[in-house]
Amino acid sequence: VRKNMPLTALQYEEELLETISQLSNYAESISISDKKDVLRFGASARIIQYKKMAIIYIVHNNRVVVRAVMPLHLSKNKDHL
(Lines give C-alpha, C1' and ligand atoms only; values in the text may rest on other atoms or scores of the structure.)
Protein backbone atom coordinates (compact mmCIF):
# COMPACT_ATOMS: atom_id res chain seq x y z
CA VAL A 1 0.00 0.00 0.00
CA ARG A 2 2.77 2.45 0.90
CA LYS A 3 4.46 1.92 -2.47
CA ASN A 4 1.49 3.48 -4.20
CA MET A 5 1.24 6.49 -1.90
CA PRO A 6 2.15 9.89 -3.33
CA LEU A 7 5.43 11.31 -2.03
CA THR A 8 3.61 14.17 -0.30
CA ALA A 9 1.43 11.71 1.62
CA LEU A 10 4.46 9.67 2.67
CA GLN A 11 6.23 12.80 3.92
CA TYR A 12 3.12 13.91 5.82
CA GLU A 13 2.82 10.48 7.42
CA GLU A 14 6.49 10.50 8.43
CA GLU A 15 6.22 14.00 9.93
CA LEU A 16 3.05 13.07 11.82
CA LEU A 17 4.72 9.96 13.28
CA GLU A 18 7.79 12.03 14.22
CA THR A 19 5.59 14.57 15.99
CA ILE A 20 3.91 11.77 17.95
CA SER A 21 7.31 10.26 18.77
CA GLN A 22 8.66 13.59 20.06
CA LEU A 23 5.57 14.08 22.20
CA SER A 24 7.15 12.08 25.03
CA ASN A 25 9.66 14.92 25.51
CA TYR A 26 7.00 17.44 26.55
CA ALA A 27 3.70 15.55 26.89
CA GLU A 28 3.00 16.52 30.49
CA SER A 29 3.68 20.22 29.84
CA ILE A 30 0.44 20.39 27.85
CA SER A 31 -2.57 21.17 30.03
CA ILE A 32 -5.27 18.58 30.55
CA SER A 33 -8.23 19.57 28.43
CA ASP A 34 -11.50 20.71 29.94
CA LYS A 35 -13.43 20.09 26.71
CA LYS A 36 -15.98 17.26 26.64
CA ASP A 37 -15.08 16.12 23.13
CA VAL A 38 -11.46 15.59 24.24
CA LEU A 39 -12.23 14.16 27.68
CA ARG A 40 -14.28 11.37 26.13
CA PHE A 41 -10.86 9.85 25.35
CA GLY A 42 -9.90 9.85 29.03
CA ALA A 43 -10.24 11.94 32.19
CA SER A 44 -6.75 13.36 31.73
CA ALA A 45 -6.78 13.71 27.95
CA ARG A 46 -4.68 16.39 26.28
CA ILE A 47 -4.64 17.68 22.73
CA ILE A 48 -2.01 19.06 20.39
CA GLN A 49 -2.23 20.15 16.79
CA TYR A 50 -0.10 18.91 13.91
CA LYS A 51 -0.86 20.90 10.78
CA LYS A 52 -4.60 20.29 10.33
CA MET A 53 -4.74 17.24 12.60
CA ALA A 54 -5.67 16.94 16.25
CA ILE A 55 -3.64 14.45 18.31
CA ILE A 56 -5.44 13.47 21.50
CA TYR A 57 -3.44 11.58 24.10
CA ILE A 58 -3.11 10.71 27.77
CA VAL A 59 -0.05 10.15 29.93
CA HIS A 60 -0.29 6.85 31.82
CA ASN A 61 2.55 5.45 33.96
CA ASN A 62 4.97 7.93 32.35
CA ARG A 63 4.01 6.74 28.86
CA VAL A 64 2.25 8.69 26.17
CA VAL A 65 -0.82 6.85 24.90
CA VAL A 66 -2.29 8.33 21.74
CA ARG A 67 -6.06 7.91 21.87
CA ALA A 68 -7.00 9.59 18.58
CA VAL A 69 -5.60 11.33 15.54
CA MET A 70 -8.29 13.10 13.58
CA PRO A 71 -8.74 15.97 11.17
CA LEU A 72 -8.95 19.15 13.20
CA HIS A 73 -12.19 20.19 11.52
CA LEU A 74 -13.89 17.15 13.09
CA SER A 75 -12.90 18.27 16.57
CA LYS A 76 -15.24 20.69 18.30
CA ASN A 77 -12.17 21.66 20.31
CA LYS A 78 -10.30 23.38 17.46
CA ASP A 79 -10.68 26.82 19.04
CA HIS A 80 -8.91 25.54 22.16
CA LEU A 81 -5.60 24.95 20.35
Side-chain angles (χ1 to χ4, degrees):
V1 174
R2 295 189 81 198
K3 283 194 263 183
N4 297 330
M5 288 178 69
L7 182 58
T8 305
L10 285 172
Q11 290 172 333
Y12 188 89
E13 180 185 60
E14 288 174 8
E15 291 171 5
L16 177 61
L17 292 173
E18 182 64 25
T19 299
I20 291 170
S21 176
Q22 292 176 358
L23 189 54
S24 63
N25 296 327
Y26 63 91
E28 291 187 292
S29 69
I30 305 295
S31 298
I32 293 173
S33 180
D34 61 353
K35 306 296 182 188
K36 285 183 184 178
D37 63 313
V38 174
L39 294 175
R40 69 187 171 105
F41 293 99
S44 61
R46 304 160 199 251
I47 185 170
I48 62 166
Q49 180 180 352
Y50 169 74
K51 295 189 179 182
K52 294 183 180 182
M53 300 295 284
I55 302 170
I56 302 171
Y57 68 95
I58 62 169
V59 178
H60 181 72
N61 292 333
N62 293 326
R63 293 184 184 254
V64 175
V65 180
V66 175
R67 296 291 189 155
V69 177
M70 67 180 76
L72 194 56
H73 73 274
L74 295 179
S75 172
K76 298 174 192 167
N77 193 54
K78 61 185 166 208
D79 295 330
H80 178 66
L81 296 174

*Asks:* Is the closest side-chain heavy-atom distance between Leu72 and Met53 below 4.5 Å?
*Replies:* no

*Asks:* How far apart are the closest heavy atoms of Val64 and Ser24, and which atoms are they?
*Replies:* CG2-CA, 3.8 Å

*Asks:* Should Leu17 and Val65 be counted in the same cluster of Ile, Leu, Val, Met, Phe, Trp and Tyr side chains packed under 4.5 Å apart?
*Replies:*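 Unlinked, Leu17 and Val65 end up in two clusters.
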
*Asks:* Are Tyr26 and Ile58 linked, directly or through other ILVMFWY residues, by side chains that come within less than 4.5 angstrom of each other?
*Replies:* no

*Asks:* Any side-chain heavy-atom pair from Glu18 and Glu14 closer than 4.5 angstrom?
*Replies:*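 In short, these two side chains do not touch, never coming nearer than 4.5 Å.
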
*Asks:* Nearest 0.5 Å, what's the CD1-CZ distance between Ile47 and Phe41?
*Replies:* 8.5 Å

*Asks:* Sub-3.5 Å donor-acceptor pair from the side chain of Arg63 to the main-chain atoms of His60, do we have one?
*Replies:* no

*Asks:* Rounded to the nearest 0.5 Å, what separation is found between the CD atom of Glu15 and the OG atom of Ser21?
*Replies:*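 Reported value, rounded in 0.5 Å steps: 13.5 Å.
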
*Asks:* If you define the side chain from C-beta out and look only at heavy atoms, does anything of Arg46 sit under 4.5 Å from Ile55?
*Replies:* no

*Asks:* Would Ile48 end up clustered with Val69 when hydrophobic side chains under 4.5 Å apart are linked, directly or stepwise?
*Replies:*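 Ile48 clusters together with Val69.
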
*Asks:* Return the minimal non-hydrogen interatomic distance between Val38 and Ala45, and the atom names on each side.
*Replies:*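 Between these two residues, the closest heavy atoms are O-CB, 3.4 Å.
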
*Asks:* For the pair Tyr57 and Leu23, evaluate side-chain contact (heavy atoms from CB on, under 4.5 Å) and give the outcome as yes or no after the intermediate values.
*Replies:* CA-CA 10 Å; Tyr57 68 95; Leu23 189 54; 3.6 Å; yes

*Asks:* Measure the spacing between CG of Leu7 and OH of Tyr12 and express it to the nearest 0.5 Å.
*Replies:* 15.0 Å

*Asks:* Any chance CG of Asn25 has more than 12 other-residue heavy atoms, nucleotides or ligands included, within less than 6.0 Å?
*Replies:*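 Check passes, neighbour count above 12.
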
